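Here's the structure, in structure tokens; my notes come after.
Only a predicted model underlies this, so the values are computations on that prediction, with no experimental measurement involved. Just so you know, ligand 1 is whichever comes first in the structure, and atom 1 is the first atom listed for that ligand.
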Amino acid sequence: MKTWWKEGIIYQIYPRSFQDSNGDGIGDINGIISRLDEIAELGTRAIWLSPVYKSPQTDNGYDISDYCAIDPIFGTMADMESLIKESKKRNIGIVMDLVINHTSDEHEWFQKSRRRIEPYTDYYIWHKGKNVVGKNPYDKKNFPNNWTSFFMEGAWEYDDIRGEYYLHLFHKKQPDLNYHNPLVLEEVKKILQFWLDKGVAGFRCDVINVLWKTSLADGKKSVMLTGLEHYKCQEGNHEILRQLRKEVLDKYSAIAEFECFTVGESVMVNLEETKLLSDEARRELNMAFYFDHLEVDRVFARFVPKKFLAKELLKRLTKWQQGLDWNALYLENHDQTRIVSHYGDDSGAGEHGSLWERSAKLMATLLFTLRGTPFVFQGQEIGMTNFDFTDLDDVKDIETHNLNRLMKKFCFPAALRWKWLRLSSRDNTRTPFQWDGSSGAGFSTAAPWLGINANYKQLNYAAQKDDPDSVLSYYKKMIALRSSSETLKYGDFKPLAATNSLLMFSREAAPAEPAFVAAFNFSRKRIKLNEDARVLLQGKIAASNIGRESWDTTNTHLDAWEALVLQTN
Ligand code: TEU
Ligand code: CA
């Protein structure tokens, strides 16, 4: 029996920015339902829904105050049930975002925990701190340890009601849950059961490899994430995943008509750590998201730029393609930037024949010729670009503002701060979906919660829908090509050649099955293929992002931002 979540593509929706249906400038569930046909036409097999739960929205929903209630800005539980039902009619499963490393500080559990109301007293990670009675609790020297957060602040907040500190690896309004308290995992199991009973197809698990803090000892001082060694991929974390799989997910998979699946966001992981989280035999996660392949041109995660080299990208892709049982493939999500602006070239955005159109199609060719389950982030299928904000005031994301404060503290000049923040801000992928050229881009009739990119007039879904040469049409073609090819879905990956701009690999399965070679030029310059590459790049055209009709031994160059897939047998 084919594994459904390996066969199809998964479409990620960031509800705030997808489609507004009630004119408040914020996307919502009924907006998503109104666009299900467009999502189905793409060949979508499941929707990963970023959080729609009750939340004060400090981190846009990744700070949950009630896991079993829908936030009114997104709609009602009835709307959510209708989304699940209407999606199922189109053979699309709903994958919920499971955010269990932390809750919102407005969650009932935290409000009772800070007041030591049983059984919630130890639901969070509380600590007396190093303070001696009478010392100022807000003085860092008294903090329990020297850990720093993912949002570039100290990781402890003093709570004057409890008279103790609590740990927060993200924002101070996102206190971490204490998994050393078995009651907490029982609560989590109930949450999974609540949503599986509603018929969801699986879970995308948020920062799922930092749940278990083995000790609260000081961490080795580091530019980013001091203390990481005490909570990343700990044995206790693996035990949690095994329990959730065995006691909840596998039970539902047994009775449901489809296998519930999990994909876990795994921060700061190497290949070995990712195998332990997601190898089939481990029976923990089905897949894991790592970040390595998107940081070829970055140092310090995605925050400081460096030169992009196609050969470095091929080296990293090869490691993961050949290292994991199965990959979760993605180039964009709500924490990253737009790939056409990041690894591509977004000049001439929205125009036919532009480098924007070529590189957007090149990224689609790459995503659907690699081995694994492809994830497409909303707007990627029409080639949406990074935001066009000119000022930090236009940015809403807390991480970007925290990074700005940190760089200011270290006296980075304003121009450099803005240059680097523009390149890394998560708001780049969070601008409203550009549905058409009307005011509000068809996203909303009201002022949107975040600015719409002015290029929406020429870069939008409506302009591409019926255009056979559009980026959208090319995404559909590549998704259909992958879907019809056992080799592209399950065949082996082999690196063939690479330079600073050229990247080539093959995909092969059983001899009788078609074999493919894929070649990419990650530059705006025409590049000459050396002898070896030319010999390897022979065959019948399966896909070309510049509309090539033939390729033979006389062809010696790849054009600017060209992507070519040839069937070699
Ligand atoms: O992200 C975890 C995470 O590491 C990212 O926050 C972070 O942005 C980093 O930049 C990635 O390079 C998850 C969610 O995806 C993110 O939206 C939340 O802010 C975060 O967890 C806290 O829930
Ligand atoms: Ca709305």
What residue and atom, counting heavy atoms only, is the protein's closest point to atom 4 (O) of ligand 1, and at what distance? V267 CG1, 3.3 Å
Shortest protein contact, atom 8 (O) of ligand 1 (heavy atom only): E399 OE2, 2.9 Å
Are there over 12 heavy-atom neighbours, none belonging to K54, within less than 6.0 Å of that residue's NZ? no
Under a 4.0 Å N-O cut-off, is there an ion pair linking R245 with E284? no
Name the closest protein heavy atom to atom 23 (O) of ligand 1, giving the residue it belongs to and the distance to 0.1 Å. D206 OD2, 2.8 Å
Candidate pair K275 and E272, rule salt bridge (Lys or Arg N to Asp or Glu O under 4.0 Å), full reasoning: CA-CA 5 Å; K275 286 174 72 60; E272 205 36 51; 5.8 Å; no
Show the atom names and distances, to 0.1 Å, of all donor-acceptor pairs under 3.5 Å that link a side chain in residues 225-232 to residues at least two apart or in another chain.
unit_1: T226; atom_1: OG1; unit_2: S222; atom_2: N; d: 3.0
unit_1: T226; atom_1: OG1; unit_2: S222; atom_2: O; d: 3.1
unit_1: E229; atom_1: OE2; unit_2: K220; atom_2: N; d: 2.8
unit_1: H230; atom_1: ND1; unit_2: S215; atom_2: OG; d: 3.4
unit_1: H230; atom_1: NE2; unit_2: A217; atom_2: O; d: 3.4
unit_1: H230; atom_1: NE2; unit_2: D218; atom_2: O; d: 3.0
unit_1: K232; atom_1: NZ; unit_2: M268; atom_2: O; d: 2.7
unit_1: K232; atom_1: NZ; unit_2: E273; atom_2: OE1; d: 3.4
unit_1: K232; atom_1: NZ; unit_2: E273; atom_2: OE2; d: 3.3

Taking distance alone, with N or O pairs closer than 3.5 Å, would you say Q336 contacts ligand 1? no
Which residue holds the protein heavy atom closest to atom 20 (C) of ligand 1, what is that atom called, and what is the gap in Å? F170 CE2, 3.7 Å
How far is atom 6 (O) of ligand 1 from its nearest protein heavy atom, and which residue and atom is that? R426 NH1, 3.3 Å
Assess H102 for proximity to ligand 1: is some non-hydrogen atom of it under 4.0 Å away? yes
Which residue holds the protein heavy atom closest to atom 1 (O) of ligand 1, what is that atom called, and what is the gap in Å? E265 OE2, 2.9 Å
Go through ligand 1 atom by atom and flag the ones less than 4.0 Å from a non-hydrogen atom of F150. 4 (O)
Among all protein heavy atoms, pick out the one at the shortest distance from atom 17 (O) of ligand 1; state its residue, atom name and that distance to 0.1 Å. D335 OD1, 2.7 Å
Charged N to carboxylate O under 4.0 angstrom, D97 versus R204? yes
Ion pair D292/R298, N-O distance below 4.0 Å: no
Which of the atoms of ligand 1 are close to R302, meaning less than 4.0 Å from one of its heavy atoms? 8 (O), 9 (C), 10 (O), 11 (C), 12 (O)
Looking only at side-chain N and O atoms, does D20 offer a donor or acceptor that is under 3.5 Å from a partner on S444? yes
Counting C-beta onward and ignoring hydrogens, is there a side-chain heavy-atom pair between M363 and F522 closer than 4.5 Å? yes
Do the ring planes of H107 and W109 sit parallel (below 30°), tilted (30 to 60°) or perpendicular (above 60°)? tilted
So if I apply the side-chain hydrogen bond (donor to acceptor under 3.5 Å, both in side chains) rule between Q434 and each of T385, N460, N455, which one comes out positive? N455
In this structure, CH2 of W195 is separated from CE of M80 (nearest 0.5 Å) by 5.0 Å
Decide, yes or no, whether a salt bridge links K173 with D59 under the criterion of side-chain N to carboxylate O below 4.0 Å. no
Atom indices of ligand 1, in the order listed, that fall short of 4.0 Å to a heavy atom of F291: 11 (C), 12 (O)
Is there a heavy atom of R298 sitting under 4.0 angstrom from any atom of ligand 1? no
Using a strict 4.0 Å cut-off to heavy atoms of F151, name the atoms of ligand 1 that fall inside it. 19 (O)
Can you tell me which portion of R204 lies within the under-4.0 Å heavy-atom range of ligand 1? Options are side chain, backbone, both, or neither. side chain
Students should be able to answer this: which protein heavy-atom is nearest to atom 19 (O) of ligand 1, and at what distance? D59 OD2, 2.5 Å
Quick test of your reading of the model: are R302 and E295 salt-bridged, counting only N-O distances below 4.0 Å? no
Are R90 and E86 within salt-bridge range, i.e. N to O under 4.0 Å? yes
Nearer than 3.0 Å to the Ca ion (ligand 2), the protein contributes N, O or S atoms numbering 5
